[in-house]
Amino acid sequence: MDQVTLVVVRAVESGATTTKGIIGATGLSRLKVERALGTLEKQKLLFRESRGSWALGIPVRPTVRQCGSCTLCCKVLEVTDLGKPLNTVCNHIQAGGGCEIYSERPRQCRSFSCAWLQGHLDDDWFPETAGMVAHFGLDSLNVQVDLAAAERWREEPYFSKLCELSLKGLRVSEGHPYATLVMVGNDKYLLLGRTIVPDPTLFGTAFVPITHDSFRYWKATSLEHLQRLNDRVIEIQRIRQEFGYCAIPDDDDPYPPYRPSLLQQPEQPGAAGAP
Ligand code: SF4
Ligand code: SF4
């Protein structure tokens, strides 16, 4: 999937469900947005709801578990076709679990299946008790947290598992890469191992590892900015390979050439000229 299409997917996931809204959220031209929407629709990854808004529609995989009494996704997720916002209990939930309009429920509900239901997570993650719904998107693992348990994702055993899943998603050598995103009301966090990136942008985040599970990151404000950030990250990796050390830059908006400043060693305390 190309960068423009990825940005459009992230915009839809972030709540921009009309073409105009996607253009406004991304700053991309109408032509680019419409082309990306057309591609995604052709691949059956995106569809128009009866209210005319765009919704992601990833095919449901066979499930190995049953929802039972859980109805958390019917509370925490948005259902555009019903006009149901995030974190609002759906009017169609039946007492004791289930959907009272099951045979006529919107396509968005039909195509949804959480990661616990699909067998990707152990029983600690049963959504009703965990207080969060984890589900895989096109290029992301999304964790929608119930506002009644807003800090739960930072607690154990959840945070360590999220860290593990995040590291797995970042390792391109381990199959399909994905980003791990946590949504708590209007707050959104990207996880890079144990590093929490608040308010990630639609354009992506460049990052380099500092330890095996923590990272230094820079948030991109446009596709062109992401390209420059990623070019500098590639240079950092090259210098680390060549010299075993590279300065980690502080500035957020780099321009080439990157190598001279990256090769600067930090001043040693007590060295001549150091404060
Ligand atoms: S959150 Fe998962 S287990 Fe709970 S109702 Fe939705 S799909 Fe079923
Ligand atoms: S329509 Fe049914 S399946 Fe969809 S959110 Fe409401 S209760 Fe859940």
Side-chain angles (χ1 to χ4, degrees), residues 12-17 44-155 157-159 161-162 164-166 169 178-189 191:
V12 176
E13 280 181 336
S14 304
T17 53
K44 300 200 184 324
L45 298 173
L46 195 76
F47 55 85
R48 267 196 193 280
E49 294 277 38
S50 62
R51 288 159 63 100
S53 50
W54 291 102
L56 290 167
I58 301 142
V60 179
R61 292 186 205 148
T63 56
V64 294
R65 287 172 165 148
Q66 300 291 320
C67 296
S69 58
C70 179
T71 53
L72 194 62
C73 59
C74 304
K75 176 186 178 188
V76 299
L77 299 182
E78 182 183 21
V79 184
T80 48
D81 219 15
L82 296 173
K84 188 192 95 54
L86 291 168
N87 297 306
T88 311
V89 176
C90 178
N91 294 331
H92 301 297
I93 295 179
Q94 275 178 336
C99 171
E100 66 182 14
I101 57 162
Y102 189 76
S103 58
E104 296 121 47
R105 68 199 189 287
R107 195 156 29 159
Q108 214 177 329
C109 303
R110 288 170 196 275
S111 64
F112 184 78
S113 173
C114 76
W116 175 84
L117 191 64
Q118 291 178 341
H120 295 296
L121 297 165
D122 65 26
D123 282 340
D124 290 326
W125 286 82
F126 178 50
E128 188 179 43
T129 48
M132 57 193 129
V133 177
H135 58 105
F136 284 97
L138 293 186
D139 72 329
S140 57
L141 168 62
N142 303 299
V143 182
Q144 191 77 42
V145 181
D146 186 1
L147 289 179
E151 295 297 307
R152 184 73 54 76
W153 66 281
R154 296 180 191 267
E155 297 167 7
Y158 305 109
F159 189 72
K161 184 66 184 177
L162 289 172
E164 180 194 318
L165 289 167
S166 151
Y178 58 85
T180 302
L181 296 164
V182 179
M183 274 76 69
V184 190
N186 292 326
D187 297 328
K188 194 168 184 176
Y189 306 91
L191 291 191

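Counting begins at 1 with the first residue of the sequence. Because only heavy atoms are used, hydrogens play no part in the values below, and waters and symmetry mates are left out as well, while side chains stay in. Atoms within each ligand, like the ligands themselves, are counted from 1 in listed order.
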For the pair K84 (side chain) and L77 (backbone), establish whether a donor and an acceptor sit closer than 3.5 Å, ignoring hydrogens and angles.
-> yes
Charged N to carboxylate O under 4.0 angstrom, D146 versus K75?
-> yes
Under 2.8 Å: N/O/S of C90 next to atom 6 (Fe) of ligand 2 | yes
Only counting residues at least two apart or in another chain, list the ones meeting side chain to side chain contact (heavy atoms under 4.5 Å, CB included) with D124.
-> D122, P157, Y158
Of the non-hydrogen atoms in M183 and N142, which two are nearest, and what is the gap between them?
-> CE-CB, 3.7 Å
Can you pull out the closest protein heavy atom to atom 2 (Fe) of ligand 2? Residue, atom name and distance to 0.1 Å, please.
-> C99 SG, 2.3 Å
Given a cut-off of 2.8 Å, the protein N, O or S atoms lying below it from atom 4 (Fe) of ligand 1 are C70 SG
Check whether any side-chain heavy atom of C90 sits under 4.5 Å from a side-chain heavy atom of V79, and report yes or no.
-> no
Heavy atoms only: give me the nearest L86-E78 pair and the separation to one decimal.
-> CD2-N, 3.5 Å
Under 6.0 Å from the six-membered ring centre of Y189 and within 45° of its axis: does the NZ or CZ of R154 meet both?
-> yes
Of L147, N87, V184, which meets side chain to side chain contact (heavy atoms under 4.5 Å, CB included) against V76?
-> N87
Please state which protein non-hydrogen atom is closest to atom 1 (S) of ligand 2 and give its distance, to 0.1 Å?
-> L82 CD1, 3.6 Å
In terms of residue, atom name and distance, what is the protein heavy atom nearest to atom 4 (Fe) of ligand 2?
-> C109 SG, 2.4 Å
